[in-house]
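Protein chains get the first letters and strands the later ones, always in sequence-line order, with residue 1 at the start of each. Predicted model, so just to flag it, every value in this text is computed and none were measured. In what follows, every heavy atom counts, from backbone to side chain, and hydrogens, waters and symmetry copies are set aside.
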Amino acid sequence: MSSVRKQYPFDLIEPKWQAKWEQEQTFRAWNPGEKIPANHPFSRRHSTLPPKYYILDMFPYPSGAGLHVGHPEGYTATDIIARYKRAVGFNVLHPMGWDAFGLPAEQYAIKTGQHPRKTTEQNIATFKRQIQSLGFSYDWSREVDTTDPEYFRWSQWIFLKLYNSWFNPKSNKAEPIETLSYPADITTPEQKKAWQDARRLAFVAETPVNWCPELGTVLANEEVIDGKSEVGGFQVVRKPMRQWMLRITAYAERLLQDLDSIDWPDSLKEMQRNWIGRSEGAEVLFKVASGSETIKVFTTRPDTLYGATYMVLSPEHPLVDQLLTAQWPANIPEKWKGSAESRATPADAVRAYREHASSKSDLERTELAKEKSGVFIGAYAINPVNKEPIPIWIADYVLASYGTGAIMAVPAHDSRDFEFAQKFGLPIRIVVEDPSGKDSAGFTGEGISVNSGPLTGLKTAEAKKKITAWLEEHGVGRKTINYKIRDWLFSRQRYWGEPFPIIWRNGQHEALPESALPVRPPDLTDFKPTPSGEPPLARATDWMNLPDGAVRETNTMPQWAGSCWYYLRYLDARNHDAFVGTAAEKYWMTGSSHSAPGVDLYVGGTEHAVLHLLYSRFWHKVLFDLGHVSTAEPFYKLVNQGLILGEDGQKMSKSRGNVVNPDDILKEFGADAFRLYEMFMGPLEMVKPWNTKGVEGVYRFLGRVWRLFVEEKSEVDFEQSITLSPGKGSELLEKISLNPKIQEIEPTPAQLRTLHATIKKVTEDIEGIRLNTAISALMVFVNEAMTWEKLPKSVMADFLKLLQPLAPHIAEELHEKLTGSSETLAYLDWPKFDPALLVENEIELPVQVNGKVRDVIRVPVDAPTQEIEKQALASEKVQAFIAGKEVKKIIVVPKRVVNIAVAG
RNA sequence: GCCGGUGUGGCGAAAUGGCAGACGCACAGGACUUAAAAUCCUGGGAGGAUAACACCUCGUGUCGGUUCGAGUCCGACCACCGGCACCA
């Protein structure tokens with residue numbers, strides 16, 4: 001792979017310290033009330049629990065491919081911060097676990113017949129070994145596995161909370177279903193149950209869903225990308241099915257509003273805002289010209305109502321069949337009637353068009369978006385403001401699932417309506433004038449209303465207000481808010497997921513009691529999905545059919561169920577009686593002047609922007625409403641790590657052959673070099689290409705650190721002996737002695753300045769998560785220290801404390817050599833930076849003429865401005881540029897720069 | 001189409017409006033070595049100028065602006081990356 005020589009015995013050092021950390025449980029985080037052993041290093045520093053700091057990684061799906069270099073990017077960053085926070089005195093919670101339900105394990109099981117439990121266990125073991133070999137300071141006593149019954153019983157328990165709650169719009173929060181009140185005409189138990197069932201946060205609905213035949217399951221909207229499944233990229237079709245849904249739409253407004261209270265990247269917040277898709281507008285009621293029906297439309301531009309020249313319903317709109325006329329009205333263009341083969345009556349045209357529309361896959365509907373299609377249904381609606389009859393059409397550019405599934409078309413001011421009207425020769429009436437004076441046909445912005453009765457002359461915003469008031473006054477409309485977000489389709493036809501704690505009796509669903517948890521999946525040997533969409537669990541008839549005639553729900557929950565709340569389980573991972581204990585929840589989730597509410601820092605990729613990160617916020621808010629958690633938001637601060645590309649600048653993939661395996665890097669350079677390189681590549685959030693040569697660079701740096709601390713001859717002896725008797729590694733390691741240049745002496749002022757400049761830079765950079773520049777500061781220190789004749793022990797000890805979060809193994813080893821103490825660096829005080837030490841007596845000041853540097857002068861740090869000006873003007877080089885010119889102005893920026901502005 | 005991000009040496013990058021390119025990679029030269037590797041030292045944006053220095057001009061995607069001074073702030077544009085996309 002490369003020719004770089006072995007820099008230091010990382011292969012002995014790293015296992016040594018990893019074993020010590022494990023044996024000592026160095027990184028255990030302590031809960032309130034927990035007894036901390038007196039010999040634990042934490043006790044030596046803290047007599048009571050200090051403020052908490054919760055730093056979280058997105059837990060991985062343990063795939064068969066093993067760890068990828070992308071995983072440790074975020075994990076290294078959080079580990080550095082976790083170690084730093086411990087050093088500055090926090091009780092740090094830094095856990096890891098496994099998001100282990102999911103499709104790949106199940107598909108592997110289908111192929112090989114191997115039970116997914118088995119492959120999952122193997123994959124977890126591999127992931128854990130790989131993660132541990134990087135020396136991350138996780139508290140493994142809190143490890144969670146979403147497929148463990150002791151874990152998923154609580155996923156099921158939260159589902160029961162959702163099932164047994166409703167969203168009260170008055171209090172704007174979830175409440176127990178018992179608080180629901182009933183209208184006067186709801187009296188019988190059956191009626192009451194139906195009323196409840198229609199309002200639960202977890203409910204059953206028959207709606208068109210995303211069915212993926214290849215995967216044999218339905219998918220949530222968030223899991224479908226461009227008409228294909230997010231997993232596998234298979235075709236997805238719309239199909240009406242009876243499924244479990246979660247009422248996330250009830251939380252649309254709060255999910256949107258609360259984004260303002262959290263510290264997330266703007267791009268991510270924007271993605272969630274777009275997904276929630278709030279839009280303000282009005283509902284308008286249109287009466288049908290001949291008939292008693294009214295059609296409700298949603299519009300964000302009620303000010304354009306006078307420009308509505310036709311109306312469009314979605315092909316699936318329930319009123320279409322009622323509204324159809326028996327015969328075509330006289331004198332309408334032939335092309336309004338749809339395809340030539342079936343245009344005898346409006347009913348024929350509608351039937352043909354519906355077939356045409358439903359045969360299109362979602363993908364085709366998107367790709368063919370440019371070509372508008374539709375048919376007239378023979379009926380007319382009356383525009384409430386001007387009583388004008390307008391033709392009613394159906395067209396697939398109107399979606400059944402958004403708004404009311406019907407629109408008023410204003411072709412002059414909506415690009416889609418404009419296209420449609422041009423194609424079918426419908427009238428285009430300008431009702432808003434473009435203020436820039438351009439042609440107003442096709443103008444979709446805000447302007448001045450024209451040809452609009454009482455609205456004429458008003459600005460768009462005022463026209464909206466006025467017409468909305470008019471609609472409300474006349475009972476033909478009102479202000480409304482629409483959201484793009486749909487309820488969350490929550491059931492899957494899979495084996496490898498949490499069963500629902502639900503049974504069915506006489507076609508009615510019932511919740512199982514909490515005492516029945518966990519509901520374990522049955523043992524199966526055939527995990528295949530069924531073509532009909534019947535879940536595989538239905539094959540286990542013994543399991544499904546209960547003695548009293550009830551049957552179990554055979555759908556399972558999606559993978560998101562486990563990842564929605566895992567960060568809460570970490571707080572109290574072994575609690576058998578509750579999903580999290582009250583004291584633990586309060587301690588870790590409550591903010592203070594030192595730390596944020598909820599998770600202080602969450603690091604992960606953007607791929608979960610509208611999946612896990614939205615779902616988690618939703619569940620958390622429900623738990624908050626029901627009094628189970630203390631904060632309205634789970635993740636206070638979030639950082640997205642950027643993707644790591646292959647050496648060729650392309651996305652890493654097996655097919656490109658540019659995948660870097662962390663095991664290979666670790667074997668050659670060690671964990672510390674790997675960690676350093678991942679951080680040294682560039683800013684955490686940035687997309688950046690891998691370069692193995694760069695690993696050699698930081699590896700050489702660690703070699704220089706090593707050689708700075710150890711005596712050369714003992715190192716040479718070590719290298720010779722280890723070749724002769726490789727088995728005696730740890731014994732030989734101890735014989736390497738300290739560099740005799742390191743002595744218990746007072747540091748020189750210059751040495752102190754170097755140290756304290758490094759402390760300042762490293763501290764500020766870690767706080768700001770600028771780990772690449774923190775590393776470069778350590779390099780600058782080492783480059784400087786290598787020139788020193790003697791190395792003061794205190795300075796070198798402080799340097800190791802700064803190095804520890806980034807390269808913990810080598811830092812611990814050298815610290816042990818330096819001090820003779822094997823006590824871990826993890827809980828030693830972070831070095832304090834003393835600004836007084838950075839003050840110099842004389843500084844160099846660049847002198848500019850008209851912004852260009854012409855000379856550098858040395859001045860006392862506290863020299864008065866006049867003195868600096870005088871000295872700057874006295875410079876020969878400067879004189880060459882200002883001679884014979886008029887000096888207009890001299891700017892002296894203290895400790896920064898002098899600029900002389902001259903004329904000409 | 002809409003939203004967000006990013007453009008700086010051969011490469012990864014750094015720079016509270018104040019000496020552009022820290023740190024590292026790659027490269028070149030030197031020391032050590034029989035030799036190589038490793039290590040240590042030195043050099044380096046481009047162009048010009050010089051015996052050599054000194055020095056000069058240009059330079060942070062493009063064009064313009066604000067400022068004593070702009071990679072950084074403002075305006076317009078271009079390119080690439082990511083997300084959303086018939087959402088009325």
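Rounded to whole Å, the separation between the P atoms of B/A28 and B/A76 comes to 48 Å. Taking atom P on both nucleotides, B/U72 is separated from B/C86 by 38 Å, rounded to a whole Å. Using atom C1' as the reference point in both B/G12 and B/A26, the two lie 11 Å apart (nearest Å). A distance of about 24 Å separates the P atoms of B/C77 and B/A70, rounded to the whole Å. Taking atom C1' in both B/G43 and B/C78, the straight-line distance is 37 Å, to the nearest Å. Here, B/U60 and B/A49 have their P atoms 23 Å apart, quoted to the whole Å. B/G48 sits 14 Å from B/A54 when the C1' atoms are compared, rounded to a whole Å.
Considering only side-chain N and O atoms, A/Arg770 lies nowhere under 4.0 angstrom from the phosphate OP1 or OP2 of B/C23. The phosphate of B/A14 (OP1 or OP2) has a side-chain N or O of A/Asn772 nearer than 4.0 angstrom. A/Ser279 has a side-chain polar atom (N or O) that falls below the 4.0 Å cut-off from OP1 or OP2 of B/A88. Look at A/Lys877 and you'll find a side-chain N or O under 4.0 angstrom from OP1 or OP2 of B/C55. Residue A/Lys693 places no side-chain N or O under 4.0 Å from the OP1 or OP2 atom of B/C25. Between A/Arg854 and B/C55 there is no side-chain N or O to OP1 or OP2 distance below 4.0 Å. At the phosphate of B/A88, neither OP1 nor OP2 sits under 4.0 Å from any side-chain N or O atom of A/Tyr397. Between A/Arg896 and the phosphate of B/G17, there is no side-chain N or O to OP1/OP2 separation shorter than 4.0 Å. The phosphate of B/G69 (OP1 or OP2) has no side-chain N or O of A/Lys888 nearer than 4.0 angstrom. For B/U39, one of the phosphate oxygens OP1 or OP2 lies less than 4.0 angstrom from a side-chain nitrogen or oxygen of A/Gln7. Taking 4.0 angstrom as the limit, A/Arg700 places a side-chain polar atom (N or O) nearer than this to OP1 or OP2 of B/C25.
Classified by interplanar angle (parallel below 30°, tilted 30° to 60°, perpendicular above 60°), the ring pair A/Phe420/A/Phe424 is tilted. Note: A/Phe833 and A/His756 have tilted aromatic rings, judged against thresholds of 30 and 60 degrees for the angle between ring planes. Taking the six-membered ring for Trp and thresholds of 30 and 60 degrees, A/Phe10 and A/Tyr8 have ring planes more than 60 degrees apart, a perpendicular arrangement.
Nucleotide B/G9 carries a syn base; the chi torsion (O4'-C1'-N9-C4 or O4'-C1'-N1-C2) is within 90° of 0.
Rounded to whole angstrom, the span from the CH2 atom of A/Trp690 across to the P atom of B/G12 amounts to 16 Å. In this structure, CD1 of A/Ile276 is placed 19 Å from P of B/C3, rounded to the nearest angstrom. With rounding to whole Å, A/Phe701 atom CZ is found 12 Å from B/C25 atom P. If you take CD1 of A/Ile891 and P of B/C68, they are 7 Å apart, rounded to a whole angstrom. Straight-line distance from the CD atom of A/Glu419 to the P atom of B/G1: 14 Å, rounded to whole Å. A/Tyr699 places its OH atom 26 Å from the P atom of B/G12, with the value rounded to the nearest Å. When rounded to the nearest whole Å, the span between CG of A/Asn274 and P of B/C86 equals 13 Å. Atoms CD (A/Gln650) and P (B/C81) sit 10 Å apart, rounded to a whole Å.
Of the candidate nucleotides B/A26, B/G24, B/C84, B/C84 has the atom lying nearest to any side-chain atom of A/Trp275. Set against B/G12, B/A15, B/A88, the side chain of A/Thr773 has B/A15 as its closest nucleotide. Here the side chain of A/Glu696 is nearest to one of B/A88, B/G4, B/A26, namely B/A26. Looking at the side chain of A/Arg704, the nearest of the listed nucleotides B/A88, B/G24, B/C3 is B/G24. Relative to the side chain of A/Asn899, the nucleotides B/C19, B/A88, B/C68 differ in distance, and B/C68 lies closest. Closest contact between the side chain of A/Met786 and the listed nucleotides B/C40, B/C25, B/A88 involves B/C40.
Taking the nucleotide of RNA chain B with the nearest heavy atom to each of A/Gly682 and A/Phe881, the more 5' of the two is matched to A/Gly682. Nearest-nucleotide positions on RNA chain B for A/Lys852 and A/Met681 put A/Met681 closer to the 5' end.
Across all strands, A/Asn783 comes closer than 4.0 Å only to sugar-phosphate atoms, never to a base (heavy-atom distances). Using a 4.0 Å heavy-atom cutoff across all strands shown, A/Pro683 reaches sugar-phosphate atoms only and no base atom. Base engagement by A/Gln848 is indicated by at least one non-hydrogen atom pair under 4.0 Å involving a base atom. If you check every strand for non-hydrogen atoms under 4.0 Å, A/Val893 touches a base. Residue-level contact check: A/Ser415 touches neither bases nor backbone, having no heavy atom under 4.0 Å from any strand. Within the 4.0 angstrom heavy-atom criterion, base atoms lie near A/Ser776. Residue-level contact check: A/Met408 touches neither bases nor backbone, having no heavy atom under 4.0 Å from any strand. Residue-level contact check: A/Asp266 touches neither bases nor backbone, having no heavy atom under 4.0 Å from any strand. When heavy atoms are screened at a 4.0 angstrom cut-off, A/Arg273 is found touching no nucleic acid atom at all.
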Exercise for review: Apply side-chain contact (heavy atoms from CB on, under 4.5 Å) to A/Ile857 and A/Val878, showing your working.
Suggested key: CA-CA 11 Å; A/Ile857 56 174; A/Val878 168; over 6 Å; no
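A salt bridge links A/Arg273 with A/Asp260: the closest approach of a Lys/Arg side-chain nitrogen to an acidic carboxylate oxygen falls below 4.0 angstrom. Between A/Glu886 and A/Lys888 no salt bridge is recorded (no basic side-chain N to carboxylate O distance below 4.0 Å).
Judged purely by atom type and a 3.5 angstrom limit, A/Glu222 has no side-chain atom pairing as donor or acceptor with the backbone of A/Leu611. A donor-acceptor pair under 3.5 Å is formed between the side chain of A/Arg675 and the backbone N or O of A/Pro805.
For B/U33, there is no paired nucleotide, since no Watson-Crick or G-U wobble pair has both relevant distances below 3.5 Å. Across every strand in view, B/G43 sits in a pair with B/C27 that passes the Watson-Crick or G-U test at under 3.5 angstrom. Across all strands shown, B/G4 pairs with B/C81; the Watson-Crick or G-U wobble distances both stay below 3.5 Å.
Distance check: A/Arg617 CZ to A/Leu259 CG gives 4.0 Å after rounding to the nearest 0.5 Å.
Judged by a 6.0 Å distance limit and a 45° cone about the ring axis, A/Lys372 is positioned over the six-membered ring of A/Tyr397.
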